[in-house]
Amino acid sequence: MTQISGKRVLVAGGAGFLGSHLCETLLQQGCEVLCVDNFFSSTRRNVEHLIADPRFELMRHDVTFPLYVAVDEIFNLACPASPVHYQFDPVQTTKTSVIGAINMLGLAKRVKAKVFQASTSEVYGDPTVHPQPESYWGNVNPIGFRSCYDEGKRCAETLFFDYHRQHGLQVKVARIFNTYGPRMHPHDGRVVSNFIVQALKGENITIYGEGSQTRSFCYVDDLIDGFLRLMATPADVTGPVNLGNPNEFTIRELAEMVIELTGSRSRLVFERLPSDDPKQRRPDIGQATAVLGWRPRTQLREGLQKTIGYFEALLAQGEIFKRERAGVL
Ligand code: NAD
Ligand code: UDP
């Protein structure tokens with residue numbers, strides 16, 4: 001494993017939920033961090049506590065345009081990740097994944113940097129193999145509402161592996177499964193943030209479908225540890241590597257746990273299931289364990305408690321309501 005301290009690291013999408021935690025950890029490990037973001041699905045608030053650090057630089061930039069900087073390593077996280085955000089402007093979502101990947105790979109090639117891609121379990125679509133190993137090629141609808149994200153990420157993976165084979169680039173591709181934690185966007189429509197905000201406000205908890213679909217939820221700190229382990233592997237380790245928590249829950253179980261942990265009186269209501277919503281999802285993390293020595297440590301209950309604490313503080317500051325009124329969410 002290579003030493004990261006002292007490196008100049010670019011985090012594209014660095015002001016987002018995962019990006020802000022990554023920037024924070026990289027600074028703690030002694031790196032200089034260039035955080036690049038167009039704030040499409042985030043705000044400066046996520047990284048404002050880092051701005052006073054002279055080793056941290058924040059740049060507004062859209063990765064669909066070329067970027068000329070000098071760095072040693074690149075983490076490409078730039079892409080809206082929640083269905084609400086990525087379906088808002090689907091053409092832009094595909095451009096961000098595909099042209100963004102080309103620009104990050106082009107930069108990596110020019111400055112000879114190692115480059116990490118935040119890929120996703122969505123490359124498996126609505127999987128017919130369960131749990132999902134990296135060898136599974138997936139079951140993806142190419143023309144549906146989720147396709148801009150799923151196919152964009154699949155094409156980005158193709159580009160990463162072609163740059164690796166054609167240009168000898170050092171690439172690291174992580175397939176991330178549902179991750180949650182503090183600094184999730186309160187209105188991004190993802191299930192964990194939705195349920196917690198609804199429970200804390202005493203509103204109905206919206207379960208799509210019957211709530212029998214499953215997901216496996218990874219706490220953000222565990223995931224970031226996986227990112228750094230993958231980035232530190234020798235050049236012949238490219239991935240794709242699944243990173244996620246293999247403990248699987250139904251959406252209904254998640255709703256009940258959120259109600260219990262918040263002590264909320266919210267009721268469960270059942271709404272229409274969005275099209276192409278995957279019925280089941282659980283990572284096979286055999287590779288991550290064997291190659292990276294990685295496994296998630298945080299149980300769902302413990303991670304939810306920390307995340308609830310974050311949203312409680314946000315609500316107490318009136319932040320969620322202020323932003324709603326200002327129309328910025
Ligand atoms: P997020 O929306 O909080 O973060 C994405 C960041 O990218 C935001 O800050 C956004 O403003 C920025 N961005 C979007 N388009 C951009 C563009 N054209 N140029 C520059 N910046 C742009 O989401 P997240 O959960 O932090 O996800 C980060 C990455 O991890 C994404 O690539 C996502 O696809 C991937 N991922 C996340 C999860 C998860 O569960 N959180 C699961 C699978 C994959
Ligand atoms: N979901 C739900 N209620 C919500 C938000 C999401 O039941 O308020 C469901 C959604 O239909 C999906 C699961 O929760 O089956 C996870 O949704 P999310 O958008 O968080 O992630 P993804 O579907 O991309 O895994």
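These values consider heavy atoms only, across backbone and side chains, with no hydrogens, waters or symmetry-generated copies. Indexing begins at 1, ligand by ligand and atom by atom, following the structure's order.
The atoms of ligand 1 that sit less than 4.0 Å from any heavy atom of N178 are 40 (O). Remark: ligand 1 atoms within the under-4.0 Å shell around heavy atoms of P80 are 14 (C), 15 (N). Taking every non-hydrogen atom of K153 and a distance limit under 4.0 Å, the qualifying atoms of ligand 1 come out as 31 (C), 32 (O), 33 (C), 34 (O). Of all atoms in ligand 2, numbered sequentially from 1 with element shown, those under 4.0 Å from a heavy atom of R281 are 22 (P), 25 (O). Against a heavy-atom cut-off of under 4.0 Å, G189 is close to the following atoms of ligand 2: 5 (C). Applying the 4.0 Å criterion to heavy atoms of N178 picks out, from ligand 2, the atoms 21 (O), 22 (P), 25 (O). Annotation for ligand 1: atoms under 4.0 Å from non-hydrogen atoms of H61 are 19 (N), 20 (C).
Distances between N or O atoms of S121 and those of ligand 1 include no value under 3.5 Å. Note: an N/O pair closer than 3.5 Å links G16 and ligand 1 by distance alone. Taking only nitrogen or oxygen atoms, main chain and side chain alike, R146 reaches within less than 3.5 Å of ligand 2. In terms of polar-atom proximity, defined here as any N/O pair under 3.5 Å, T206 does make such a contact with ligand 2.
Residue-level proximity to ligand 2 for M184 is absent, since no heavy atom of it falls below 4.0 angstrom. Both the backbone and the side chain of R190 come within 4.0 Å of ligand 2, judged by heavy-atom distances.
A donor-acceptor pair under 3.5 Å is formed between the side chain of N46 and the backbone N or O of A15. A donor-acceptor pair is defined here as one N or O able to donate and one able to accept, closer than 3.5 Å; no such pair exists between the side chain of K114 and the backbone of A235. Without hydrogens or angle criteria, T214 side chain to I251 main chain gives no donor-acceptor distance under 3.5 Å. Here the side chain of R229 pairs a donor or acceptor atom with the backbone of L292 at under 3.5 angstrom.
Contact annotation: E122 has at least one heavy atom less than 4.0 Å from an atom of ligand 2. Ligand 2 has P83 within reach: a non-hydrogen atom of the residue lies less than 4.0 Å from it.
Among protein heavy atoms, the minimum distance from atom 9 (C) of ligand 2 is reached at Q213 NE2, 3.9 Å. Looking only at heavy atoms of the protein, atom 13 (C) of ligand 2 is closest to I251 CD1, 3.6 Å. Among protein heavy atoms, atom 11 (O) of ligand 2 sits closest to D277 OD2, 2.6 Å. Here the heavy atom of the protein found nearest to atom 17 (C) of ligand 1 is N38 ND2, 3.3 Å. Protein heavy atom nearest atom 1 (N) of ligand 2, with residue, atom name and distance: Y208 CD1, 3.4 Å.
Ring pair H85/H185 is perpendicular by interplanar angle, where above 60° counts as perpendicular and below 30° as parallel.
If you check each of D37, V63, I176 against atom 19 (N) of ligand 1, the one with the closest non-hydrogen atom is V63. Evaluated by nearest non-hydrogen atom to atom 20 (O) of ligand 2, the leading choice among V269, V191, L268, D150 is V191. For atom 7 (O) of ligand 1, the choice among G152, S97, A156, C79 with the nearest heavy atom turns out to be C79.
For the residue pair E157 and S119, a side-chain donor N or O sits within less than 3.5 Å of a side-chain acceptor on the partner.
Between E24 and R183 there is a salt bridge, since at least one side-chain N of the basic residue sits less than 4.0 Å from a carboxylate O of the acidic one. A salt bridge links R215 to D277: at least one charged side-chain nitrogen sits closer than 4.0 Å to a carboxylate oxygen.
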